Amino acid sequence: MKLFWRVFLAATVSFTVILGAAAVLLVAGIRAEIEGDLYEHNRIATEHLSVAIERGAADQQWPFEALSNTARSQDFLFWFIVTPEDRVFLSDKAARYGAAPRDLYPSVPKELPPGTYEHSDKKNGLGIIIQRLNVRGEEWQLWLGFSTGEALRESRKAAAVIACIFLLSLLVFAVAAYYTTSRYLKPLSALARGAELIGAGSLSHRVSAGSGDELALLAGSFNAMAESLDRRTAERQLAEAELNRYKEHLEALVKERTAELERVNSELEAFTYSASHDLKAPIRRVEGFLSLVESDLAGKVPAVTADYIGRARKACGQMNSVIENLLKLSRISHCEVSLAETDLCALARAALEGRRAADPGRRAELVSPERLPVRGDAGLLAEAIENLIGNAWKFTSLTPAAVIELGVAKEGGENVYFVRDNGVGFDAAGAEGLFKPFKRFHSGPDYKGTGIGLSIVKRIIERHGGRVWAVSSPGRGAAFYFTLGQAASGGGLRA
Amino acid sequence: MAALLACALLATGLPPVAAQGPGSKTRVGTGRSSSADPAKAAAEAVAEALRGGGGKTDFAILLANSGGAYLEAALKEVSRLLGGGTPVYGGTSDSRGLLTDKGFIYGTTTIGYGFEPPGPEKALALMTVSSRDILFGTGYAEFSAAVTPREGTRRALLMAVKNANQPAKRRPRAALITPSYSDEEAVLGAMKDFFGAEVPVVGGTAGGPVFGIIGGGRVFVRGVSVALIYTDLPVGMISETGFKPRDIKSGIITSLEVDGSKTIIRGIDNRPAWTVYNEWLKNGPENVLKERGNLGAVTDYTALNPLFRQLSGPAGQIYYIYNHPLVDQATLKDKAFYVYARFRRGDRIQLTSGSWESVLNTIWSAPSLARNRAGITKPVFSFGYICAGLLGSIPEAEREKVHPLMLEAARGAPFLSGFAWGEEGMYPGIGNRHVNQTVTFITIGEK
C-alpha cells in the first residue's frame, strides 16, 4: 500500500474514531439531558399542581384546567389523584376511577421514600412522578405519568443530526486530509520517483528541494546522494572500460595463442599421422624383405645371423605396432563419436576371450555383473576396454590366481566405472605421466607393450566427456577408474 | 293510638315528625336505567333503589331526561312497583342525563336544551326514602288559564301540608319544588305568601323541550310539584355558582319588556343590549353563532358569561344572583336578549365570567358546603339540581369528574341530581330566588 494511502487512512480512521466517540458521548449526553429535562418539566408540573390542589383543598377549588392542560403535553400518559385508601379518586380517564394505581402500574413500589418520588420504568418507556398531597389533613398523592419514549425519539433525532454532522465532518476531513496528504507527500513522491529513475539508471535526475522543511533537507540529501552515485558510477564505468580493454586484449592474446597452439598441434598431429603413415610402408617393406631373407637363408646362415634377422623382424613388428597405435591415437582424436547403448561387460568378456585365445595357458577370472549398459561409442569403448583388460591381463601374468574385475560405483551422484586387477600394481606416486604416450612403469619380456594404450584409453574417455584415473601400489594390483560424462553414462548403475 | 297522638299534640303544640331514638333509621336507595322501554327502565330503577333502600319506601323522587309518554309510562310503572300510596315527586331533567351516587346515567352526552331524545337515548333515575325521622308532604298543581301559577302554587302547598298531616302554621324544614319553565318567580312568590320567606327551597325548573312535572301520580306540562320536608334531622342547603363577578363590565338597564315570565332586556346604557353584551365579550357570542350556526352553542357560551345582580342581606351578606342571557330569532333581530328573572329598569347588571374549572369546583363544593352549614358529619342523602347550562359548559371529557367529586362531597351517601333549566334556592336574609347557572342542594344528615 502506498504511503499516501497509509497516511490518509490512518488520519481518517483516527478522526473517525475520535469524532465517533465524541458523537456517541454527545448523543448519550443529549439523551440524558432530554430525559432530565423531561423529568424536571414533569416534576415542576407536579409541584405546581400539588401546590394548587393543596391550596384549593380547604374550599374545594382544585386546578382542573391545569390538570386537563397537563394532559395536552406531548409526553403525557396519565395523572391520578390517589386517596389515602390507595384508590384513584380522579384521573384524566374516568375508567381509572376507583382503581388501585399499583394494579395499573405494578412496577411502582408500595413504600415510597420521603419527598417527591420519581419512578422510571425504562422497560415500558414510562416515567412517573408521585407527589404527596396534604388534603384536609390527610395524605393523598398526585401521580403524573409520562412517556420517556419522546425523549428517546428526540435523542434519536439528535443522534441523526449528529450523525449527519459527523458524516459531513468526515467528508470535509477526508477531502482536507487528501489534499494535505497529497501536498505534504508530493516531495516524498518526487523522491520515490527520483529513486526509481536513479535505480533505472537516470543518475542525472534531481528532485526539487522545495521550502526549507525536513522534506527539503531530505531532498537535498537525496540529490547529494544521487550526485555521489553519479560520480562513482562514472568512475566505475571508466574502470570497467579499462578492465574490458584489458580483457579484450587478453582474450585476443589467448585466442592468438590458442590458434597458434592448435595450429602447432594440428601440424604435430599431421606430422605424427604422416610420419606414422609414411613410416608404416617402409617398415612393412623391411619386414617383408626380412621375411624373404629369413626364408631364403633358412639353414644357410649361422644361427646368430638367423637370430639377428629374427630380432630385426620383431623390431619391425614392434615398430609397426607402435605406428598402428599412434595412428589409432590420431584417429581417435578426430573420429566422430556415435552414442548408443553399449554393454561394458560384453566388451570386457570379448576382450578377455581374445586374450585367452592368444594365450590359452593363462588363467584369469573376470568378475563383473551380468550387464553394465552405458551410452557411448561402441567402437571406441571396445578399444578402451580392450586396452584396460589387456593391461590387467598383462600385469597379472605372474599372479597365480588372477582376477580381473569390472564394475561401477556411485560417487557424488556420478557413475564411476572401474577395471581392477590383483596384478603387480605400480607406485602411484610416480603415476603422473601414466596416461602420456610411451610412459611405461614395467619393462621386460613379461610386460611387453607400446606405451600408448593408456593414452588411447584417456583420449577415448575424454571424447566421451569423462575422465580417467588410476589407483595402485606395487604388488597390490591396480584399479583404473573412469567416468563417461552425462551424455555417455546413460546406463547408470544397475549392478 | 289516635288518643296518644292527640295528647302529644296538645303537649307540644306541634306533632313530632318522627319518633326519635336508637331505633330510628333512614334508608335511602337510588336506582337508574337507560332503557328506552319506560316499563323496563322503571323496573330496573326501582329494583336498584329498593336494594339500597331496604326494600321499602315512604317517598320517591323520579327524574327523567325525557317527558311525554315515556315519563308517563315510567311513572305509572314506578307507582305500581312502589305501591299506589307512595308519593312520587319529580319531573324532567335536561336531555343530557342524570346523576346519582352510582354515576352518570346519560341520555345523550352532547345535546341539551332544546333536544328531546326521539329514540333510545333515555335516562331515568329514582331515589327512594324510607324513614321514621323524615316526613314528606307532597302536593301539586297544574296551571291553566283558570289557575294562575300563584293560585296553583298555593293549592299545591295546601295539599302538601295536608298530605304531611302537619298544621299549616308549622313550617317545613325545606321544600323541594319543580316549577314549569318560566313560572318560577310566580311560584316563589306564592310560597313566600304561604310560608313567609323562611322556608328554604331547593328547586329545579323542569327541563324541556317536552316538559314534564310529576305530581299526584300524573305527569303534566305546566304547573308545580312540591315536596315539603319535615324532620328534626340536620338539614343543610346551598345555592352556589362557579362564577366570579367582574365589575369592570357593567351597565344600567335602560329598556326592558316583561313578556310573561321572560324579561326581555332591550337596552343597556341606552344602547342595544345584545350589542353591549357582545362588546363586553369582544363579540364572542356573535362569533360562536357564526361559527357554530345554532343557538344552542350560543346558549352554552353565554352560560359561562352570565349577568348578575348584587343583593345584600340584612346582616350584610352579599349575594350574586346570576341570570343566563338567552336569545331567540326574535330577540336577535331586535338586538336584545332575555332572562327568566325579574329585572327592573335602572337595575345595574354586571358581566361575570367563569370557566369549566370553576363550575366543576362549584358542583363539588356545593354539597360539602350544604353539609358543613348544618354541621352534618354523616349525611343520609343529598338531592339537588345542577344547572343544565353549567353541565354544558364543562367539556365532555371532563364531565365524568362530576360523579367522583360529588360522591366525595356526599361522603359516599346516596344522592340524586337533575340538570335543571332554572334553579331556585335560598339566600339567607334575602329569601328564595330564582336563578340560573347555579347548583342548589339539600343534604340531610344523621343527628
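The figures here come from the full heavy-atom set of this structure, side chains too, leaving out hydrogens, waters and symmetry mates. These figures come from a predicted structure and were not determined experimentally.
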Is any side-chain heavy atom of A:Phe64 closer than 4.5 Å to a side-chain heavy atom of B:Ile394?
-> no
Applying a strict 4.5 Å limit to non-hydrogen atoms, the region of A:Ala66 in contact with chain B is backbone
Give, for atom CD1 of A:Ile81 and atom CD of B:Glu408, the distance between the pair rounded to the nearest 0.5 Å.
-> 10.5 Å
Determine whether more than 12 heavy atoms belonging to other residues, nucleotides or ligands lie under 6.0 Å from atom CZ of A:Arg102.
-> yes
When only pairs under 4.5 Å are counted, which of A:Ser91, A:Ser68, A:Ala94 shares the most heavy-atom pairs with chain B?
-> A:Ser68
Could you please state which residues from residues 362-376 of chain B sit under 4.5 angstrom from chain A, measuring non-hydrogen atom to non-hydrogen atom, sorted by number, or 'none'?
-> B:Trp364, B:Ser365, B:Ser368
Side chain, backbone, both or neither: which part of A:Thr83 has a heavy atom under 4.5 Å from chain B?
-> neither
Kindly indicate, with the supporting measurements, whether the criterion side-chain contact (heavy atoms from CB on, under 4.5 Å) is fulfilled by B:Glu400 and A:Tyr97.
-> CA-CA 10 Å; B:Glu400 288 285 355; A:Tyr97 297 165; 4.1 Å; yes
Considering all heavy atoms of both residues, which atom of A:Pro63 and which atom of B:Glu357 are nearest to each other, and what is their separation?
-> C-OE1, 3.1 Å
Between atom CG of A:Leu90 and atom CG of B:Leu360, what is the distance when rounded to the nearest 0.5 Å?
-> 8.0 Å
Is it the backbone or the side chain of A:Phe89 that comes under 4.5 Å from a heavy atom of chain B, or both, or neither?
-> both
Taking all non-hydrogen atoms of both residues, which atom of B:Ala409 and which atom of A:Gln60 are closest, and how far apart?
-> CB-NE2, 4.4 Å
